[in-house]
Protein chains: 2
Amino acid sequence: MDRKAQILQTAADLLQTRSFSAFSYQHLAERLGIRKASIHYHFPTKEHLGEALTQHYLDAYRAHLAAIDRQHRDPWERLEAFLDAAAEIRRSGDKICAGGAFQAEHNLLPQRICEGVAALLAHVRSWLAGVLAEGRGQGVMHFPGQAAHQAALTVAALQGALQNGRCEGDELYEAVVGQLRAGLRGEG
Amino acid sequence: MDRKAQILQTAADLLQTRSFSAFSYQHLAERLGIRKASIHYHFPTKEHLGEALTQHYLDAYRAHLAAIDRQHRDPWERLEAFLDAAAEIRRSGDKICAGGAFQAEHNLLPQRICEGVAALLAHVRSWLAGVLAEGRGQGVMHFPGQAAHQAALTVAALQGALQNGRCEGDELYEAVVGQLRAGLRGEG
DNA sequence: GACAGCCTACCTACTGGTAGGTAGATTGGG
DNA sequence: CCCAATCTACCTACCAGTAGGTAGGCTGTC
């Protein structure tokens, strides 16, 4: 992995543990064992770094969701594979969803970063809406109204659950995800 | 309103628009037309201010939820009155839930502030679980499993919806809340 | 094959600005 | 007179970003 990718990886980690404005080029430099100015060489300003981060996440999500589609046909299996990504974040113990981390600072961020975050989340919601619509079409998932709305609810609840879970523990996270699952199974 | 309460009110506003570490004593001083040092007189450190903020929100929520209980008997009316509080935040255009704002910075905050936030959200969830259990008991609300879990889902989804809504607009917020309502009505 | 010129990747040292916080003087009402 | 509240003036630490320089690899030309 070249230096630029290393910086991006480290920045992604710091974003999800500390938030965007609360990590500095100095933090990155210390973690990577190089000087602050060297990071400015790769990412001239923090806005550039932020934009690169949103692109990084968008690419990663695109690849991940495409891989899920290749590996699974069944809507429930696809949904569970998607939920695994959130569970992975939760397992780290001190991370939250990258989208949520950015959104919490919406009023402080350059517009281009906000647009990148919106594009990222729109992509995820759109994929999820497809899975949910398919599941309902097959009669194995149950929810009212539009699939896009159920996808919005699911994403919002997962973001909230990751934040709540980081502060208050796994039971709370599991409660939210379990309730989402139970609702879709039509147990309501 | 005395100065201390004014500071707290202004800090609450800045917390919900900018987050805790992204507002400064300087910001507060400018908004209030006084000097930075005068705020240190009322709140010696930012940790003190943060703790006072969590207590402020806890008091406010306790009073608000008690008022809802006095004004409404019907579970659906109580729930709608609760949702109005979130809608009020959304209407401001640039605010999110105070709990969410604090949680997004969990790894940066003093422990006492985190505990205050957890206590605040636990109180809200507990009240909400009561309303939901009552609604299901009367046969007018429908959801699977424990009422406490449905309350956790509801709070997480609302937090997420406020964050998503601030970045991407009202339709997204409305989609999430509408979906929560539809689920409870048993349309799934 | 030698060497001039350029490029990448990093460095040290600095700037202006802002953060939280403190010491001590001043002011004004009971 | 007292003392609560506010002030001026300062501190140290950190922020993003810049200036200017260096070591070493690549490339094109004679």
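This is a predicted model, so every value here is computed, not measured. Proteins come first, then strands; the chains are lettered A, B, ... in the order of their sequence lines, and each starts at number 1.
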Handout entry: Polar side-chain atom of B/R166 near backbone of A/A104 as donor-acceptor pair, under 3.5 Å
Key = yes
Problem - Partners meeting side-chain hydrogen bond (donor to acceptor under 3.5 Å, both in side chains) with A/S126 (sequence neighbours left out) - result: none
Exercise for the section: Provide the full list of salt bridge (Lys or Arg N to Asp or Glu O under 4.0 Å) pairs with a residue in residues 82-92 of chain B, sequence neighbours left out, each pair given once. Expected result: B/E88-B/R91, B/R90-B/D170
Practice task
Look at the side chain of A/Q159 and the backbone N and O of B/A156, then say whether any donor-acceptor pair between them is shorter than 3.5 Å.
Solution key: no
Problem - Residue pairs fulfilling ring pair (Phe, Tyr, Trp, His ring centres under 6.0 Å) with at least one residue in residues 42-99 of chain B, sequence neighbours excluded - result: B/F82-B/W127
Handout entry: OP1 or OP2 of D/dT6 under 4.0 Å from side-chain N/O of B/H42
Key = yes
Exercise for the section: Check salt bridge (charged side-chain N to carboxylate O under 4.0 Å, His left out) between A/R125 and all other residues, then give those that pass, not counting sequence neighbours. Expected result: B/E168
Practice task
Sorted by first residue and then second, give each salt bridge (Lys or Arg N to Asp or Glu O under 4.0 Å) pair with at least one member in residues 149-164 of chain A; sequence neighbours left out.
Solution key: none
Practice task
With sequence neighbours excluded, tell me which residues meet salt bridge (charged side-chain N to carboxylate O under 4.0 Å, His left out) with A/R62.
Solution key: none
Handout entry: Nucleic acid contacts - residues 7-16 of chain B versus DNA chain D, non-hydrogen atoms under 4.0 Å
Key = none
Enumerate donor-acceptor pairs with a distance under 3.5 Å from any side-chain N or O in residues 107-116 of chain A to protein atoms, sequence neighbours excluded.
unit_1, atom_1, unit_2, atom_2, d
A/N107, ND2, B/T17, O, 2.8
A/N107, ND2, B/D94, O, 2.8
A/Q111, NE2, A/E115, OE2, 3.0
A/R112, NE, A/E51, OE1, 3.4
A/R112, NE, A/E51, OE2, 3.4
A/R112, NH2, A/E51, OE1, 3.0

Practice task
May I have the distance from B/H40 (atom NE2) to D/dT8 (atom C1'), rounded to whole angstrom?
Solution key: 14 Å
Exercise for the section: Could you tell me whether the side chain of A/Q179 and the main chain of B/P144 form a donor-acceptor pair under 3.5 Å? Expected result: yes
Handout entry: Phosphate OP1/OP2 of D/dA5: any B/Y41 side-chain N/O under 4.0 Å
Key = yes
Problem - First-last contacting nucleotides on DNA chain C - partner chain A, under 4.0 angstrom, heavy atom - result: C/dT8 to C/dT12
Practice task
Check whether the side chains of A/Q55 and A/D59 place a donor and an acceptor atom closer than 3.5 Å, and report yes or no.
Solution key: yes
Exercise for the section: Give, ordered by number, those residues of residues 19-39 of chain A having at least one heavy-atom distance below 4.0 Å to an atom of DNA chain C; if nothing qualifies, reply none. Expected result: A/I34, A/R35, A/A37, A/S38
Exercise for the section: Would you check if the side chain of A/K36 reaches a backbone N or O of A/S24 as a donor-acceptor pair within less than 3.5 Å? Expected result: no
Handout entry: Within residues 107-115 of chain B, residues whose heavy atoms come under 4.0 Å of DNA chain D
Key = none
Fill in the blank from the handout: In short, ring pair (Phe, Tyr, Trp, His ring centres under 6.0 Å) pairs touching residues 148-181 of chain A with sequence neighbours left out are none
